[in-house]
Amino acid sequence: MSRVSVPCHVKGTVALQVGDVRTSQGRPGVLVIDVTFPSVAPFELQEIMFKNYYTAFLTIRVRQHTSTHTPAKWVTCLRDYCLMPDPHSEEGAQEYVSLFKHQMLCDMAQVLELRLILRQPSPLWLSFTVEELQIFQQGPKSPSMTFPKWLSHPVPCEQPTPLLESSGNVSWRAPQPRLASLEF
């Protein structure tokens, strides 16, 4: 299956702030990134690829086109996906991640927008995000190719002809095994 990159516009991150913004206790632990597709009709999302940068958990919401008579609705298609097994250590902090449509909780057809909700509960990391975000849809199906008949129906294996013809009396004798003598 081929895939095609979908041109998108990644809006700047918006921090969801809880607590006092003037103290370190009020450090934002949740960021929201909206992704729009201004030059693309509603499409079927196949894959989301990005590089993690200290994000511990990811939730993805998608806005889908339903019909011409009802407004598009937001649906959660991935909830609290773990990107770092331990938010306080660096494992998984800078890994490349691919998420495929079969991993999602909902159908990924008729996508209009994406919303990535990033969480980092650890106070150890001052900043976190996702980088190098790429969205893919299924590419065009490759045309079926016809092969020549000789490739479709191979000839049964034949015995190869010997490379060297023996002429005269050539004798061959198997090597005799040698016994090792042990001296003490």
Counting C-beta onward and ignoring hydrogens, is there a side-chain heavy-atom pair between [X] and [Y] closer than 4.5 Å?
X	Y	value
Leu126	Tyr54	no
Leu133	Val35	yes
Phe50	Leu58	yes
Leu114	Ile48	yes
Phe57	Pro87	yes
Ile135	Val111	no
Leu78	Leu105	no
Gln46	Lys101	yes

| Quick one: do Met49 and Val62 end up in the same hydrophobic cluster if we chain Ile, Leu, Val, Met, Phe, Trp and Tyr together by side-chain heavy atoms under 4.5 Å apart? | no

| said: Do Leu116 and Phe136 sit in one hydrophobic cluster, given that two such residues count as connected whenever their side-chain heavy atoms are within less than 4.5 Å of each other, even indirectly? | reply: no

| field | Identified side-chain hydrogen bond (donor to acceptor under 3.5 Å, both in side chains) partner of Arg3 from the options Gln138, Gln134, Glu47, Gln137 | value |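 In the set Gln138, Gln134, Glu47, Gln137, the residue that makes a side-chain hydrogen bond (donor to acceptor under 3.5 Å, both in side chains) with Arg3 is Glu47.
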
Between the main-chain N or O of [Y] and the side-chain N or O of [X], is there a donor-acceptor pair closer than 3.5 Å?
X	Y	value
Gln64	Asp107	yes
Asn52	Gly92	yes
Thr55	Thr129	yes

Find the distance between [atom1] ([X]) and [atom2] ([Y]) and round it off to the nearest 0.5 Å.
X	Y	atom1	atom2	answer
His65	Arg63	NE2	CZ	10.0 Å
Arg119	Cys82	CZ	SG	10.0 Å
Ile60	Met104	CD1	CE	4.5 Å
Leu45	Leu99	CG	CG	9.5 Å
Leu31	Gln120	CG	CD	10.0 Å

| task | Check side chain to side chain donor-acceptor pair (under 3.5 Å) between Thr70 and all other residues, then give those that pass, not counting sequence neighbours. | result |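 Expected list: Thr66, Ser67.
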
| field | Gln103: partners by side chain to side chain donor-acceptor pair (under 3.5 Å), with sequence neighbours left out | value | none

| field | Other residues, nucleotides, ligands: >12 heavy atoms within 6.0 Å of Glu131 CD | value |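 Atom CD in Glu131 is packed in, count exceeds 12.
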
| said: Within the supplied structure, the quantity of interest is the number of heavy atoms (other residues, nucleotides, ligands) at a distance under 6.0 Å from Lys51 NZ; does it exceed 12? | reply: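 Check passes, neighbour count above 12.
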
| Considering residues at least two apart in sequence or located in another chain, which fulfil the side chain to side chain contact (heavy atoms under 4.5 Å, CB included) criterion with Val40? |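 Only Val6, Pro7, Phe37, Phe43 meet the side chain to side chain contact (heavy atoms under 4.5 Å, CB included) criterion with Val40.
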
| task | Sequence neighbours left out, what passes side chain to side chain contact (heavy atoms under 4.5 Å, CB included) with Pro38? Give chain and number order. | result | His9, Thr36

| field | Residues which pass ring-ring contact (aromatic ring centres under 6.0 Å, His included) with Tyr53, listed by chain and number, not counting sequence neighbours | value |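 Scan of Tyr53 (ring-ring contact (aromatic ring centres under 6.0 Å, His included), adjacent residues dropped) gives none.
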
| query | Would Phe128 and Met84 satisfy side chain to side chain contact (heavy atoms under 4.5 Å, CB included), going step by step from the backbone distance to the final call? | reply | CA-CA 12 Å; Phe128 60 97; Met84 293 174 65; over 6 Å; no

| Which pairs with one or both residues in residues 77-108 pass ring pair (Phe, Tyr, Trp, His ring centres under 6.0 Å), sequence neighbours excluded? |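 Residue pairs passing ring pair (Phe, Tyr, Trp, His ring centres under 6.0 Å), neighbours aside: Phe100-His102.
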
